[in-house]
Student: 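First, the structure itself, so that you have it in front of you.
Just so it is clear, the structure is predicted and the values come from calculations on it, not from any experiment. Values below: all heavy atoms of this structure, side chains included; hydrogens, waters and symmetry mates excluded.
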Amino acid sequence: MLAINQDLVDEYIARGLKEDVPYEDVTTQAIYMGQQATVQLLAKESGIICGLAVFERVFQYLDPQTTCQWLVQEGDAVNPNDQLMQITGSVNTLLTGERVALNFLQRMSGIATLTHCMVQALEGSTIKLLDTRKTTPGYRLLEKYAVRIGGGYNHRFSLSEAIMLKDNHIEAAGGVIPAIKAARAYSPFIKKIEVEVETLEMVKEAIHGQADIIMLDNMSHEAMAEALKWIDGRAIVEASGNFTLDNISEYKDLPLDYISSGEITHSARCLDLSMKHLQVI
């Protein structure tokens, strides 16, 4: 499982709190209450919960004395009205940290939930669901972590990690084969080379150029089936381009290795969660 670096999480939290509380929480300060309190974290709809440790860390970042009693585990399925956690801390900390903590948890849980649904839609096949780099700027690690919690797999994290020749790279290099040759000449032998192809003619060129991974981009089901016959196991095959929860199951009969979908990060709806029933103790 992908680990989340605590220092990096603290950077995310500090940035979120700075945005939400530039200098003071004027509402909470206006009714200043130093008492301790408890509050419940509740689910308002069904989904996969993800980001509990980040949620908890927001309150402990504000006040290390804050405690959280988890009633579910990371990756659990939750339903409306389920109590997920009880948080105990100062009233000020609970009120000031509420929105930032929920924003992280709702966003990550939404991605995990959509990913889980798309993985379920591929059930019965051996195709693995991949994410993309279509993530919220600055929060990629958390969003890719959420994909893993939802049952998906991570594609490259950055441009530094892997060679992936997309349409504009190919045009700049003068074609598929020149692009592959240039990549092989530049890169260390341990790096695989992935080539994005949009036509069957480009598939032939990628095979001839001995690409390690061939991405079938925005191809019809029929064209993908033909391309897979030509490739015949000589490369890892990934399909990409407008895969959604509504249509992904239509492709699970194909012997693809991977399907990548930007939707699981760029279009996931936040899971509806809420902090309720605050009680001063």
Side-chain angles (χ1 to χ4, degrees), residues 2 115 118-119 122 125-141 143-145 147-148 152-244 247-248 250-267:
L2 176 67
T115 300
M118 291 184 73
V119 168
L122 289 171
S125 76
T126 59
I127 301 170
K128 294 181 173 65
L129 179 67
L130 294 173
D131 57 22
T132 70
R133 286 169 41 246
K134 296 176 182 179
T135 54
T136 306
Y139 293 94
R140 181 171 293 166
L141 181 66
E143 295 183 352
K144 281 182 171 282
Y145 168 84
V147 167
R148 292 290 294 271
Y153 293 80
N154 297 137
H155 206 292
R156 59 180 177 165
F157 275 75
S158 70
L159 292 173
S160 301
E161 282 199 341
I163 295 175
M164 186 170 170
L165 300 167
K166 295 176 71 67
D167 53 353
N168 288 330
H169 299 106
I170 291 167
E171 289 182 9
V176 172
I177 292 177
I180 294 174
K181 285 183 177 179
R184 290 227 182 270
Y186 178 80
S187 66
F189 73 94
I190 58 171
K191 283 192 182 293
K192 287 184 169 63
I193 295 174
E194 180 167 8
V195 180
E196 178 185 274
V197 297
E198 299 174 339
T199 66
L200 291 174
E201 183 59 36
M202 292 176 75
V203 172
K204 290 180 182 179
E205 292 176 0
I207 294 169
H208 180 69
Q210 298 183 324
D212 300 298
I213 307 166
I214 298 175
M215 178 199 284
L216 309 177
D217 186 49
N218 284 300
M219 284 189 175
S220 67
H221 185 286
E222 182 182 10
M224 284 187 194
E226 187 67 20
L228 284 159
K229 289 179 185 178
W230 292 356
I231 296 168
D232 192 27
R234 286 176 286 184
I236 296 168
V237 183
E238 173 188 346
S240 185
N242 298 312
F243 286 103
T244 69
N247 68 20
I248 196 169
E250 298 170 13
Y251 297 83
K252 69 180 185 179
D253 62 308
L254 296 173
L256 297 162
D257 297 297
Y258 299 96
I259 286 177
S260 56
S261 173
E263 183 180 48
I264 55 178
T265 50
H266 71 56
S267 296

Student: Applying side chain to side chain contact (heavy atoms under 4.5 Å, CB included) to I259 and M118, what does each step give before you reach the verdict?
Tutor: CA-CA 10 Å; I259 286 177; M118 291 184 73; over 6 Å; no
Student: Can you tell me how far apart CG (L254) and CG (D257) are? Round to the nearest 0.5 Å.
Tutor: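 That separation rounds to 11.5 Å.
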Student: Side-chain contact, heavy-atom cut-off 4.5 Å: Q210 with I180?
Tutor: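 Not touching, per the 4.5 Å side-chain cut-off.
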Student: Under the side-chain hydrogen bond (donor to acceptor under 3.5 Å, both in side chains) test against S260, which residue among E238, H155, K134 passes?
Tutor: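 Single pass found, and it is E238.
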Student: How close do A183 and I193 get, heavy atom to heavy atom, and via which atoms?
Tutor: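 Where A183 meets I193 most closely, the heavy atoms are CB-CD1, 3.7 Å.
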Student: Which value, rounded to the nearest 0.5 Å, describes the distance between T135 atom OG1 and H266 atom NE2?
Tutor: 11.0 Å
Student: With distance as the sole test, does N242 use its side chain to make a donor-acceptor pair with the main-chain N or O of N247 at under 3.5 Å?
Tutor: no
Student: What class does the angle between the rings of H221 and Y251 fall in, given that below 30° is parallel, 30 to 60° is tilted and above 60° is perpendicular?
Tutor: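 The arrangement is tilted - the two ring planes meet at 30° to 60°.
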Student: Over all heavy atoms of both residues, which pair between E161 and K191 is shortest? Give the atoms and the distance, please.
Tutor: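 Looking at all heavy atoms of both residues, the closest pair is O-NZ, 3.0 Å.
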Student: When you compare the side chain of D217 with that of V197, does any pair of heavy atoms fall below 4.5 Å?
Tutor: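 Not in contact.
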Student: Between M219 and V203, is there a side-chain heavy-atom distance shorter than 4.5 Å?
Tutor: yes
Student: Between atom NZ of K166 and atom CD of E171, what is the distance when rounded to the nearest 0.5 Å?
Tutor: 12.5 Å
Student: Testing the basics here: between L200 and A223, what is the closest heavy-atom pair and its distance to 0.1 Å?
Tutor: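 Looks like CD2-O, 3.6 Å.
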Student: Please check this pair: side chain of R133 against backbone of R156, looking for a donor-acceptor N/O pair closer than 3.5 Å.
Tutor: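 Side chain of R133 to backbone of R156: no pair is present.
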Student: Where is the tightest heavy-atom contact between Y153 and R148, given as atom of each residue plus distance?
Tutor: CA-CD, 4.1 Å
Student: List the atom of I170, the atom of L165, and the distance in Å for their closest heavy-atom pair.
Tutor: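 Distance-wise, the nearest heavy atoms are CD1-O, 3.8 Å.
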Student: Does the R234 side chain pair with the main chain of I231, one donor and one acceptor, at a distance under 3.5 Å?
Tutor: yes
Student: Could you tell me which non-hydrogen atom of I214 sits nearest to which non-hydrogen atom of A211, and how far apart they are?
Tutor: CG1-CB, 4.2 Å
Student: Measuring only between side-chain heavy atoms, which start at C-beta, is I207 closer than 4.5 Å to D232?
Tutor: no
Student: Evaluate the side-chain proximity of K204 to E201: yes if any heavy-atom separation is below 4.5 Å, no if none is.
Tutor: yes
Student: Could you tell me which residues satisfy side-chain contact (heavy atoms from CB on, under 4.5 Å) with D167, sequence neighbours excluded, listed by chain and number?
Tutor: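 So D167 forms a side-chain contact (heavy atoms from CB on, under 4.5 Å) with E196, E198.
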Student: Would you say the side chain of K252 lies within less than 4.5 Å of the side chain of I248, judging by non-hydrogen atoms?
Tutor: no
Student: Heavy-atom distance under 4.5 Å between the side chains of D212 and R184, does that happen here?
Tutor: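 Of all side-chain heavy-atom pairs linking R184 with D212, at least one is under 4.5 Å.
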Student: About how many Å separate CD1 of I264 and CG of L130, when rounded to the nearest 0.5 Å?
Tutor: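 Nearest 0.5 Å value for the CG-CD1 distance: 8.0 Å.
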Student: Supply the atom-to-atom distance K144 NZ to T132 OG1, rounded to the nearest 0.5 angstrom.
Tutor: 6.5 Å
Student: Hey, could you give me the CD/CG distance between E263 and L129, rounded to the nearest 0.5 Å?
Tutor: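 Here the rounded value is 10.0 Å.
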Student: Please tell me if the side chains of D131 and E143 come closer than 4.5 Å, counting only heavy atoms from C-beta onward.
Tutor: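 When only atoms from C-beta onward are counted, E143 and D131 do not touch, as no gap falls below 4.5 Å.
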